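Below is one structure; the comments refer to it alone.
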Amino acid sequence: MTETVSSTPAWLERFRTEAPQMAVPPMFLPAQGARAAAVLILFGEGPEGPDVLLTERAATLNKHAGQPAFPGGRIDPEDDGPVAAALREAWEEAGVEPAGVDVLCTLPELYLSRSEHRVTPVAGWWREPSEIAPGHPGEVAMVARVPLGELVDPANRLMVRHPSGIKLGPAFRVRDMLVWGFTALLLTQVLDAGGWDRPWDMSQVEDLPPEVLDLASRG
């Protein structure tokens, strides 16, 4: 699918310009031999204003169990690149109709070391939102449209660390989810690229809850 921007709202213009040039932190530089994957950063406009779609992975999975994430997965041989893969995964995981999405841009590849994937984030504007629901009960536990206003609210932001004391990075507490790890790091850069970020207290550090840590230890 080609990029379509004619109906893009003004609040996404800065993001569309800045995101493709997003700096890649050294820890996320793509590695040789990593498997190709894609995620969809899907922006919409709901009753509570601009929002972004997040899923929560099922707690029964062997990898990334229980973790909030952008819809996405491995690029299959029959996919026509990362855009097609991201749209397919969003349809399979959350019921997002590809025909209702205008592709804005692709962001630089990022390496996800725990699963050995090089991930291409694909950004889209949800021009015609469809009804959403978990598409694979064994893979997806929940889908949610999270308002950008909630994500940038300083009251919903914190840093998380491993109980050993190692800082793991930024996190968001929204919609009964603790968004952390790769998704939170990418989301932080997305908010910055769009000019939506607000100052927040980065000295607020909490240990990952035991139940989250237990799920993360699977891989």
Side-chain angles (χ1 to χ4, degrees), residues 1-3 15-16 18-42 52-94 96 98 101 103-124 135-136 138-141 160-162 164 166-172 178-193 208 212-219:
M1 181 176 292
T2 58
E3 293 183 10
F15 173 84
R16 185 171 64 86
E18 298 290 333
Q21 306 169 54
M22 186 178 75
V24 177
M27 71 179 75
F28 290 129
L29 289 173
Q32 292 292 330
R35 293 166 291 187
V39 297
L40 182 65
I41 304 170
L42 183 58
V52 66
L53 182 68
L54 293 178
T55 69
E56 185 174 83
R57 299 192 181 281
T60 52
L61 293 174
N62 292 325
K63 289 185 178 292
H64 310 298
Q67 292 188 16
F70 294 108
R74 193 176 301 181
I75 300 176
D76 290 340
E78 58 269 25
D79 290 324
D80 186 17
V83 170
L87 292 171
R88 173 182 57 77
E89 288 283 350
W91 162 248
E92 294 176 355
E93 293 184 0
V96 174
V101 177
V103 176
L104 298 173
C105 60
T106 57
L107 283 62
E109 272 190 342
L110 302 167
Y111 179 54
L112 188 52
S113 60
R114 289 184 69 86
S115 60
E116 298 183 341
H117 281 92
R118 48 187 178 86
V119 180
T120 299
V122 176
H136 291 300
E139 295 182 17
V140 181
V160 291
R161 68 186 167 208
H162 190 275
S164 65
I166 299 174
K167 283 190 178 181
L168 301 174
F172 302 81
L178 178 66
V179 184
W180 66 286
F182 173 82
T183 302
L185 286 164
L186 177 54
L187 193 50
T188 297
Q189 290 191 292
V190 164
L191 295 173
D192 184 60
L208 277 181
V212 174
L213 192 62
D214 179 60
L215 291 172
S217 68
R218 298 182 190 173

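We number each residue from 1, following the sequence as shown. The structure presented is a predicted model; accordingly, all values stated were derived computationally and were not measured.
Taking every heavy atom of both residues into account, Ala38 and Pro82 meet most closely at CB-O, 3.4 Å. The shortest non-hydrogen separation linking Glu109 to Arg118 is OE2-NH1, 2.7 Å. Closest heavy-atom contact between Met22 and Pro108: O-CG, 3.3 Å. Smallest separation of non-hydrogen atoms from Pro25 and Gln189: CD-NE2, 3.9 Å. Residues Ala171 and Val160 approach most closely at CB-CG1, 3.7 Å, considering heavy atoms.
Among pairs with a residue in residues 84-93, those fulfilling side chain to side chain donor-acceptor pair (under 3.5 Å) read Asp76-Arg88, Asp79-Arg88, Arg88-Glu92, at least two apart in sequence or across chains.
Under the 3.5 Å distance criterion, the side-chain polar atoms of Thr183 are left unmatched by any main-chain donor or acceptor of Val179. When atom types are taken as modelled, the side chain of Thr55 and the backbone of Ala69 share a donor-acceptor pair closer than 3.5 angstrom. Judged by distance alone, the side chain of His162 and the main-chain N or O of Ser164 form a donor-acceptor pair under 3.5 Å.
We find the OG1-CD1 distance between Thr120 and Ile75 to be 5.5 Å, quoted to the nearest 0.5 Å. Once rounded to the nearest 0.5 Å, the distance linking CZ of Arg35 with CG of Leu112 reads 10.0 Å. Note: Asp192 CG to Leu187 CG = 11.5 Å, rounded to the nearest 0.5 Å. Here the OG1-CG distance, from Thr188 to Leu186, works out to 8.5 Å after rounding to the nearest 0.5 Å.
Within the 4.5 Å cutoff, the side chain of Pro68 has no heavy atoms near those of the Phe172 side chain. Glu139 places none of its side-chain heavy atoms less than 4.5 Å from the side chain of Arg57. For the pair Leu185/Phe28, a side-chain contact is recorded, criterion being any heavy-atom separation below 4.5 Å from C-beta on. A heavy-atom distance below 4.5 Å is found between the side chains of Leu208 and Leu178. At least one side-chain heavy atom of Val52 sits less than 4.5 Å from a side-chain heavy atom of Ile41. Under the 4.5 Å side-chain criterion, counting only non-hydrogen atoms from C-beta, Leu53 is in contact with Val96. Side-chain contact between Val103 and Val122: present, with at least one pair of heavy atoms (C-beta onward) separated by less than 4.5 Å. Side-chain atoms of Tyr111 and His117, non-hydrogen and from C-beta on, never get closer than 4.5 Å to each other.
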Please report the C-alpha distance between Leu40 and Phe70 in whole Å, then the side-chain angles of each, then the deciding distance to 0.1 Å, and finally whether the side chain to side chain contact (heavy atoms under 4.5 Å, CB included) criterion is met. CA-CA 6 Å; Leu40 182 65; Phe70 294 108; 6.0 Å; no
